[in-house]
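Before any comments, here is the structure.
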Amino acid sequence: VILYNFPRSVSKGGALSLIVEADGDMLYDFGKAEGLLFEVDQHNREDVEDIDLYCNFEFLLDKPVLLDRDAVVRIYRFLPADAAKFVPSMGQVHDGAHELRYGRVSGKQVSFCAFHPGFHAEGPLSFTREQIDKSHNNPEFPDSYSLNLSFLSGNSTGASKSRKSSHPNVVGRASSSIAREKRRKPLSGRLSREHSLAG
């Protein structure tokens with residue numbers, strides 16, 4: 001999952017997490033699995049529209065998330081003071097999914113999108129600002145903001161046994177003090193209308 005041209009005015013130098021839901025069930029919690037993604041500086045950011053205003057975040061999932069029904073990807077922002085107190089645990093959604101809590105640390109939802117994997121082919125799926133809830137009517141988000149998903153279909157075979165970011169210009173990365181690099185597991189599925197969310 002990659003967020004392109006995420007406004008720094010929204011991240012406020014803090015951190016992000018995401019969850020994947022289906023029919024109200026939480027299928028994946030990035031904060032629990034990998035920690036938070038902090039806004040950090042990194043060189044070679046040619047794909048960022050304006051590095052003073054925007055940054056990119058990439059969420060590399062530690063395992064495939066099998067999707068076979070309506071799904072929702074939700075992005076949450078944690079301010080620096082809260083992010084500094086973060087301890088990996090199972091996230092709990094509150095206030096109609098507007099808030100995500102890890103113990104006493106809470107983040108606010110800033111973007112989400114809903115989709116059915118059966119209508120999308122294997123490969124990337126990109127949502128523009130106009131298609132992303134809570135962002136489409138927020139003037140802080142530029143027209144170039146997008147939320148991008150990577151899928152493998154249920155029939156995919158021969159996946160790599162390890163996976164690294166193919167986007168060297170992404171400036172958001174996992175905090176080394178909270179999340180560690182992991183070798184990625186093979187991505188696989190079972191049914192033709194199932195897709196595995198890979199990142």
Side-chain angles (χ1 to χ4, degrees), residues 1-20 28-31 33-65 71-80 82-84 86 91 100 107-115 120 123-152 160 162-182 184 187 197-199:
V1 179
I2 304 178
L3 307 179
Y4 284 120
N5 291 314
F6 191 92
R8 293 184 185 274
S9 59
V10 174
S11 63
K12 300 184 187 302
L16 302 183
S17 185
L18 71 76
I19 62 172
V20 181
Y28 187 82
D29 178 352
F30 188 87
E34 294 283 325
L36 300 181
L37 281 185
F38 284 78
E39 180 188 316
V40 295
D41 292 329
Q42 185 171 316
H43 299 295
N44 303 319
R45 294 175 292 184
E46 294 87 352
D47 59 347
V48 180
E49 186 175 90
D50 186 331
I51 63 173
D52 293 325
L53 298 177
Y54 311 117
C55 56
N56 296 343
F57 288 90
E58 180 172 26
F59 299 86
L60 291 175
L61 309 190
D62 70 320
K63 63 180 180 180
V65 181
V72 182
V73 174
R74 302 184 187 275
I75 307 297
Y76 292 87
R77 179 200 69 206
F78 294 79
L79 296 177
D82 290 321
F86 173 80
L100 177 63
K108 298 297 183 183
Q109 184 174 236
V110 292
S111 294
F112 73 94
C113 59
F115 58 95
H120 302 287
L125 171 62
S126 181
F127 293 90
T128 65
R129 174 195 166 190
E130 291 74 19
Q131 298 170 314
I132 304 171
D133 288 295
K134 290 190 73 70
S135 303
H136 73 280
N137 58 356
N138 185 339
E140 291 186 281
F141 285 84
D143 291 339
S144 57
Y145 172 59
S146 64
L147 191 157
N148 304 269
L149 311 176
S150 296
F151 290 100
L152 290 178
S160 171
S162 65
R163 189 168 65 87
K164 296 182 179 179
S165 171
S166 58
H167 303 272
N169 299 326
V170 171
V171 307
R173 61 176 173 82
S175 165
S176 59
S177 63
I178 292 179
R180 62 184 182 275
E181 287 295 319
K182 296 182 179 180
R184 307 298 168 185
L187 304 174
L197 181 62

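For the numbers below, each heavy atom of this structure counts, side chains included, while hydrogens, waters and symmetry mates do not.
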For this session: Calculate, to the nearest 0.5 Å, the distance between atoms OG and CG belonging to S126 and N148 respectively.
Result: 3.5 Å
Exercise. Under 3.5 Å, is there a donor-acceptor pair between the side chain of N56 and the main chain of N5?
Worked result: yes
Exercise. Can you tell me how far OG of S17 sits from CG of D29, rounded to the nearest 0.5 angstrom?
Worked result: 5.5 Å
Exercise. Measuring from Q109:CD to R74:CZ, what's the distance to the nearest 0.5 Å?
Worked result: 5.0 Å
Problem set entry | Heavy-atom pair with the smallest gap, counting every atom of S135 and S111 | OG-OG, 2.5 Å
Exercise. Between CZ of F38 and CZ of F78, what distance do you get to the nearest 0.5 Å?
Worked result: 10.0 Å
For this session: Go through the steps to decide whether T128 and S146 satisfy the test side-chain hydrogen bond (donor to acceptor under 3.5 Å, both in side chains), and finish with yes or no.
Result: CA-CA 5 Å; T128 65; S146 64; over 6 Å; no
Problem set entry | Minimum side-chain heavy-atom gap K134-I75 below 4.5 Å | no
Problem set entry | Min side-chain heavy-atom separation V72-V20 under 4.5 Å | no
For this session: Take I19 and L100 through the test side chain to side chain contact (heavy atoms under 4.5 Å, CB included) and record every step on the way to the result.
Result: CA-CA 9 Å; I19 62 172; L100 177 63; 4.0 Å; yes
For this session: Establish, yes or no, whether a centroid distance under 6.0 Å links the rings of F6 and F141.
Result: yes
Exercise. Do Y145 and N138 pass the side-chain hydrogen bond (donor to acceptor under 3.5 Å, both in side chains) test, and can you show the C-alpha distance, the side-chain angles, and the key distance before you say yes or no?
Worked result: CA-CA 11 Å; Y145 172 59; N138 185 339; over 6 Å; no
For this session: Take F30 and L37 through the side chain to side chain contact (heavy atoms under 4.5 Å, CB included) test and state the conclusion after the steps.
Result: CA-CA 9 Å; F30 188 87; L37 281 185; 3.9 Å; yes
For this session: Step by step, work out the side chain to side chain contact (heavy atoms under 4.5 Å, CB included) result for F57 and Y4.
Result: CA-CA 7 Å; F57 288 90; Y4 284 120; over 6 Å; no
Exercise. Judged by atom type as modelled, is there a donor-acceptor pair below 3.5 Å linking the side chain of Y28 to the main-chain atoms of D62?
Worked result: yes
For this session: Determine yes or no for a side-chain-to-main-chain donor-acceptor pair under 3.5 angstrom, with D133 supplying the side chain and C113 the backbone.
Result: no
For this session: Verify, without hydrogens or angle tests, whether R8 (side chain) and C55 (backbone) share a donor-acceptor contact under 3.5 angstrom.
Result: no
For this session: Look only at the side chain of R77 and the backbone of A15, and say whether a donor-acceptor pair between them is shorter than 3.5 Å.
Result: no
For this session: Answer yes or no: is there a side-chain heavy-atom contact under 4.5 Å between F59 and L3?
Result: yes
Exercise. Does any non-hydrogen side-chain atom of L36 lie less than 4.5 Å from one of L16?
Worked result: no
For this session: Before giving the answer on side chain to side chain contact (heavy atoms under 4.5 Å, CB included), spell out for Y76 and K108 the whole-Å C-alpha distance, their side-chain angles and the decisive distance to 0.1 Å.
Result: CA-CA 5 Å; Y76 292 87; K108 298 297 183 183; 5.8 Å; no
For this session: Using atom types as modelled and distance alone, determine if a side-chain donor or acceptor of S150 lies under 3.5 Å from a backbone N or O of P124.
Result: no
